[in-house]
2 protein chains.
Amino acid sequence: MHAKQSAAALPNSIIFPGAKAPVASLGAEEATHLRLQALARYAGARSRDSRVIDNSVSQVVLVVEGAVKLIASAAAGRTQVMGFYFKDDFIYVPARDTHAYNLCALTDCELVAFPATEFIRLAQSDKTLNNNFLSHLLRALGRCREKSLALGQKTARERVATFLVSMAERIGAPFSNGAVLDLPMSRRDIGDNIGLTIETVSRQMTELRNAGIVSTSGRSQVKILDLAALKQEAGHLPVPT
Amino acid sequence: MHAKQSAAALPNSIIFPGAKAPVASLGAEEATHLRLQALARYAGARSRDSRVIDNSVSQVVLVVEGAVKLIASAAAGRTQVMGFYFKDDFIYVPARDTHAYNLCALTDCELVAFPATEFIRLAQSDKTLNNNFLSHLLRALGRCREKSLALGQKTARERVATFLVSMAERIGAPFSNGAVLDLPMSRRDIGDNIGLTIETVSRQMTELRNAGIVSTSGRSQVKILDLAALKQEAGHLPVPT
DNA sequence: CGAATTTTTGATAAGGTTCAATACAAGTGG
DNA sequence: CCACTTGTATTGAACCTTATCAAAAATTCG
């Protein structure tokens, strides 16, 4: 299902009660709000919907509610999950080129999409918005480089641990010496994100469980019992002095 | 050797004859030039110099001449080469954080570095410069995502082929059905860039040579005899329709 | 030319994938 | 509400790719 259309035209979409709220988290000045509103395409999506937004042009997407994954497709049907995004996250989705990028809903969710070109033009006249966008891009680049490092250098164990640490920081609820999290993505998604097969992910989870570092219940709940130990497993750099 | 210092203080550095030229490729408006000049730190480096620029603060670096690599260091002495950069390339080097980023010279080279914070502030008042910086960041993010896909999904053969295709596009001279290139980096650098050991890189090069797709002479010269075949090996997506 | 370094080649081993089967969770219809 | 069905996750065994270790060959540089 395509989503570059106004909310009214989408049967599945969730109509926002107060339309101003989502755009507010972009931190733009008052004067920019109206113009952002005009540009915004609200899109609701049900869990598992793929191609949640139109990728014929580059888009800047804000997650208002729910969770999505950004996937890239290469030859031979292989896909890489470039990242997972949650409430208030901000995603740059390039237009289809040598690889095709798409957003897929992991849960029912609400998104706001802006055509990138117009968004950037608008940001030029609003220092706050421009700064926010810039610092978002810098963070995205930083995270992507971290991922490159992980994919290029780390073992299966380290990758799974790294993934869990990252998720704990983003969607974990504090718990004892660690955190509790409810993973909205499947083992396949995790594998495609960290460059492993589902079997390897599963085995590493089992080993972490046997080592008493995490415990699991059901498919999605993970309790991190010892965050320090998990970070150790993740192969993180000692804190710089 | 540290390089956040003016050219005059660097024994190794190459003093530029006309100091305006390097900044010109940033495409800034006339009025911004002087302020960029004031901000710029010129740094020359000899081949193999590491820590070519100061990484205690984030920097935006322009390559005026030569070639450099951006490396990230993780625990256990593992390093990932995040990318290679050549004349007129533009690099965002974040301050040291959970990982340490550094520029290393592959050849004798000339660089211009700007403290990122001030550079960004200056860009705010110059639409052209701001646009250039933004589009640079978007391209950098795109390339980094491509690399994630390669590291997460591709085989050794595909990675080496992908690397060669990319280098051909960036520093190759046209030649018959392919290109000739003079690689300024070692096999180790290549391996650290695409997540393989030097032995595996070497073996894959040998196989590509045996397949008649490339030929080599000396350490650094590579002739791509059949670019189409090499792209095939790289596992690229068929051109979108 | 000769020394030092880098690259290539070879043999072996380890980590991860693949294939196959079982167990588990969640949803569906009686 | 429970049995049945479907999809997802876990476990096991064999295989394959790539890493590791070790040595020889090639290139660069003094």
Side-chain angles (χ1 to χ4, degrees), chain A residues 46-48 69 76-81 104 106-108 150-164 182-211 214-222 233 235, chain B residues 46-48 69 76-81 104 106-108 150-164 182-211 214-222 233 235:
Chain A
R46 290 222 184 283
S47 177
R48 282 145 193 275
K69 59 178 174 179
R78 287 173 295 186
T79 63
Q80 169 82 14
V81 173
C104 300
L106 293 170
T107 65
D108 292 355
L151 293 172
Q153 308 287 341
K154 291 186 174 180
T155 64
R157 172 69 76 93
E158 289 172 322
R159 294 186 205 189
V160 171
T162 302
F163 170 80
L164 290 174
D182 208 76
L183 299 177
M185 71 293 284
S186 68
R187 294 287 186 272
R188 173 163 303 280
D189 287 332
I190 298 172
D192 284 347
N193 183 40
I194 59 183
L196 298 172
T197 59
I198 52 175
E199 292 95 331
T200 303
V201 173
S202 187
R203 278 185 250 269
Q204 296 304 332
M205 291 287 274
T206 302
E207 287 183 28
L208 287 172
R209 200 183 313 120
N210 292 343
V214 307
S215 73
T216 60
S217 92
R219 288 197 208 299
S220 62
Q221 194 189 73
V222 178
E233 295 283 351
Chain B
R46 288 222 184 282
S47 178
R48 280 145 193 277
K69 59 178 175 180
R78 287 174 294 187
T79 63
Q80 170 82 13
V81 173
C104 300
L106 294 170
T107 64
D108 291 357
L151 292 173
Q153 308 288 342
K154 291 186 175 180
T155 64
R157 171 70 74 94
E158 289 172 323
R159 293 186 205 188
V160 171
T162 301
F163 170 80
L164 289 175
D182 208 75
L183 298 177
M185 72 291 285
S186 68
R187 295 286 186 272
R188 172 163 303 282
D189 287 332
I190 297 172
D192 284 346
N193 183 40
I194 60 183
L196 298 171
T197 59
I198 52 175
E199 293 95 331
T200 302
V201 173
S202 187
R203 278 185 250 270
Q204 296 303 330
M205 291 285 274
T206 302
E207 287 184 27
L208 287 173
R209 200 183 313 119
N210 292 343
V214 306
S215 74
T216 60
S217 92
R219 285 199 211 299
S220 62
Q221 193 191 74
V222 178
E233 296 282 351

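Atom set for the values below is all heavy atoms of this structure, side chains included, hydrogens, waters and symmetry mates excluded. Protein chains get the first letters and strands the later ones, always in sequence-line order, with residue 1 at the start of each.
Considering only the side chain of Glu199(B), dC21(D) comes nearest among dT18(C), dT18(D), dC21(D). In the set dT9(C), dT8(D), dT18(D), the nucleotide with an atom closest to the side chain of Leu196(B) is dT18(D). Of the candidates dT9(C), dG16(C), dT7(C), dT7(C) carries the atom nearest the Ile198(B) side chain, counting heavy atoms from C-beta on.
In this structure, the CE atom of Met205(B) is 17 Å from the P atom of dT6(C), given to the nearest Å. Rounded to whole Å, atom C1' of dG15(C) lies 16 Å from atom CG of Leu151(A). Taking atom CD of residue Gln221(A) and atom C1' of nucleotide dC24(C), one finds them 16 Å apart after rounding to whole Å. Atom C1' of nucleotide dT10(D) and atom CD1 of Ile190(A) are separated by 14 Å, given to the nearest angstrom. What separates CZ of Arg187(B) from C1' of dT8(C) is a distance of 9 Å, to the nearest Å. Per the geometry, CD1 belonging to Ile194(A) stands 12 Å off C1' belonging to dG16(C), to the nearest Å. Atom-to-atom, CG of Leu183(B) to C1' of dT27(D) comes out at 15 Å; the value is rounded to the nearest Å. Counting to the nearest Å, the C1' atom of dT8(D) and the CE atom of Met185(A) are 16 Å from each other.
The phosphate of dT10(D) has neither OP1 nor OP2 within less than 4.0 Å of any side-chain N or O from Thr206(A). In terms of phosphate contacts, Thr197(B) brings a side-chain nitrogen or oxygen within less than 4.0 Å of OP1 or OP2 of dA19(D). Contact between the side-chain N/O atoms of Arg203(A) and the OP1/OP2 oxygens of dT10(D) is not found at any separation under 4.0 Å. Within the structure, every side-chain polar atom (N or O) of Thr200(A) is placed at least 4.0 Å from both OP1 and OP2 of dG16(C).
For dT27(D), its base sits under 3.5 Å from the side chain of Arg219(B) at one donor and acceptor pair at least.
Remark: of the listed residues Arg159(B), Arg157(B), Lys154(B), Arg157(B) is the sole one forming a salt bridge (charged side-chain N to carboxylate O under 4.0 Å, His left out) with Glu233(B).
Across all non-hydrogen atoms, the minimal contact from Leu164(B) to Leu208(B) is CD1-CD1, 4.0 Å. Looking at every heavy atom in both residues, Glu158(A) comes nearest to Gln153(A) through OE1-O, 4.5 Å.
Within a 6.0 Å radius of CZ in Arg188(B), no more than 12 heavy atoms belonging to other residues, nucleotides or ligands are found. Counting non-hydrogen atoms of neighbouring residues, nucleotides and ligands closer than 6.0 angstrom, the CZ atom of Arg78(A) exceeds 12 such neighbours.
Between Arg159(A) and Val201(B), the residue whose closest nucleotide on DNA chain C is further toward the 5' end is Val201(B).
Contact annotation for Arg78(A): no contact, since no heavy-atom pair falls under 4.0 Å across all strands. Among the protein residues, Gly191(A) comes within range of no part of the nucleic acid, since none of its heavy atoms lies under 4.0 Å from any strand.
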